Amino acid sequence: QVQLVESGGGLVQPGGSLRLSCAASGRIFRINDMGWYRQVPGNPRQLVAGITSGCSTNYDESVKGRFTISRDNAKNTVFLQMNSLKPEDTAVYYCNVHCTLDIGNGFRRNYAYWGQGTQVTVSP
């Protein structure tokens with residue numbers, strides 16, 4: 001009923017830039033907090049950046065000053081602008097979206113969804 005589609009990953013040289021996007025679709029009553037995580041094989045998934053429904057943001061220290069998270073509520077989309085990329089940024093990036101859904105009979109419930117992941121590789 002809810003799908004997240006990520007795009008924007010790819011191969012880039014150190015110092016380059018990429019912009020990731022994640023669009024949510026489905027019968028969504030409201031999108032609440034959203035975030036971007038990244039994962040290297042064999043390691044836990046880690047928060048990179050988050051943005052609340054009030055557009056308050058937070059970043060992992062390793063990306064602060066280089067990455068910017070933003071959202072377009074009209075399009076149910078969250079973005080991650082990545083500048084000054086480093087080899088250590090190489091990972092699969094996943095968006096995470098918290099939604100409120102109508103479940104019938106006048107009830108609503110909050111759910112969290114993950115995107116399919118998009119590969120970001122930073123290499124000469």
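Predicted model, so just to flag it, every value in this text is computed and none were measured. Just so you know, these numbers use all the heavy atoms, side chains as well, and skip hydrogens, waters and symmetry mates.
Looking only at side-chain heavy atoms (C-beta outward), Asp60 and Leu47 stay at 4.5 Å or farther from each other. Considering only heavy atoms from C-beta on, Val78 comes within 4.5 Å of Trp36 through its side chain. Put simply, the side chain of Pro14 reaches to within 4.5 Å of the side chain of Pro87, judged on heavy atoms. You'll find the side chain of Tyr93 reaches within 4.5 Å of the side chain of Val48, heavy atoms only. A heavy-atom distance below 4.5 Å is not found between the side chains of Pro44 and Gln39.
A distance-only check finds no donor-acceptor pair linking the side chain of Ser123 to the backbone of Thr121 [under 3.5 Å]. Proximity of a side-chain donor or acceptor of Thr118 to a complementary backbone N or O of Glu6 within less than 3.5 Å is not detected. A donor-acceptor pair under 3.5 Å is formed between the side chain of Asp33 and the backbone N or O of Ser53. A side-chain donor-acceptor contact under 3.5 Å links Arg66 to the backbone of Ser84.
Across all their heavy atoms, Leu4 and Ala24 have their closest contact at CD2-CB, 3.3 Å. Here the closest heavy-atom approach between residue Val40 and residue Ala91 is recorded as CG2-CB, 4.0 Å. The heavy-atom pair separating Ala112 from Asn96 by the smallest distance is CB-ND2, 4.3 Å. Here the closest heavy-atom approach between residue Met82 and residue Val120 is recorded as CE-CG2, 3.8 Å.
Listed by first and then second residue, the disulfide bond (SG atoms under 2.5 Å apart) pairs involving residues 8-114 are Cys22-Cys95 (not counting sequence neighbours). Pairs of residues two or more places apart, or lying in two chains, never qualify as disulfide bond (SG atoms under 2.5 Å apart) while including a residue from residues 60-93. The stretch residues 46-84 participates, sequence neighbours left out, in no ring-ring contact (aromatic ring centres under 6.0 Å, His included) pair at all.
By the neighbour-count criterion of 12 heavy atoms within 6.0 Å, atom CD of Gln3 is sparsely surrounded, having that number or fewer from other residues, nucleotides or ligands. Remark: Glu88 CD is packed, more than 12 non-hydrogen atoms of other residues, nucleotides or ligands lying under 6.0 Å away.
Annotation: cation-pi pair Arg38/Tyr94 absent, no NZ/CZ under 6.0 Å from the ring centroid and within 45° of its normal.
Residues meeting the side-chain contact (heavy atoms from CB on, under 4.5 Å) test with Asn32, sequence neighbours left out: Arg30, His98, Thr100, Asn110. Partners of Tyr113 by ring-ring contact (aromatic ring centres under 6.0 Å, His included), not counting sequence neighbours: none found.
One hydrophobic cluster, built from ILVMFWY side chains closer than 4.5 Å, cannot hold both Val97 and Trp114; they sit in different ones. Hydrophobic clustering, with ILVMFWY side chains joined whenever heavy atoms are under 4.5 angstrom apart, keeps Val5 apart from Val2. Leu18 and Tyr37 end up in different hydrophobic clusters when Ile, Leu, Val, Met, Phe, Trp and Tyr side chains are linked at under 4.5 Å.
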For residues 101-109, please give each side-chain donor-acceptor pair under 3.5 Å, one per line with the distance, not counting sequence neighbours.
| residue | atom | partner | partner atom | Å |
| --- | --- | --- | --- | --- |
| Asp102 | OD1 | Arg108 | NE | 3.1 |

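Taken from CZ in Arg71 to CD1 in Ile69, the straight-line distance is 8.5 Å, to the nearest 0.5 Å. Atom CZ of residue Arg19 and atom CG of residue Leu80 lie 10.0 Å apart, to the nearest 0.5 angstrom. For the atom pair CD of Gln116 and OG of Ser7, the computed distance is 8.5 Å after rounding to the nearest 0.5 Å.
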- [ ] Decide yes or no on side-chain contact (heavy atoms from CB on, under 4.5 Å) for Gln119 and Thr90, but give the supporting numbers first.
- [x] CA-CA 8 Å; Gln119 177 71 49; Thr90 296; 4.0 Å; yes
| Asn76 and Asn73: CA distance, side-chain angles, deciding distance, side-chain contact (heavy atoms from CB on, under 4.5 Å) verdict | CA-CA 5 Å; Asn76 289 343; Asn73 291 330; 5.8 Å; no
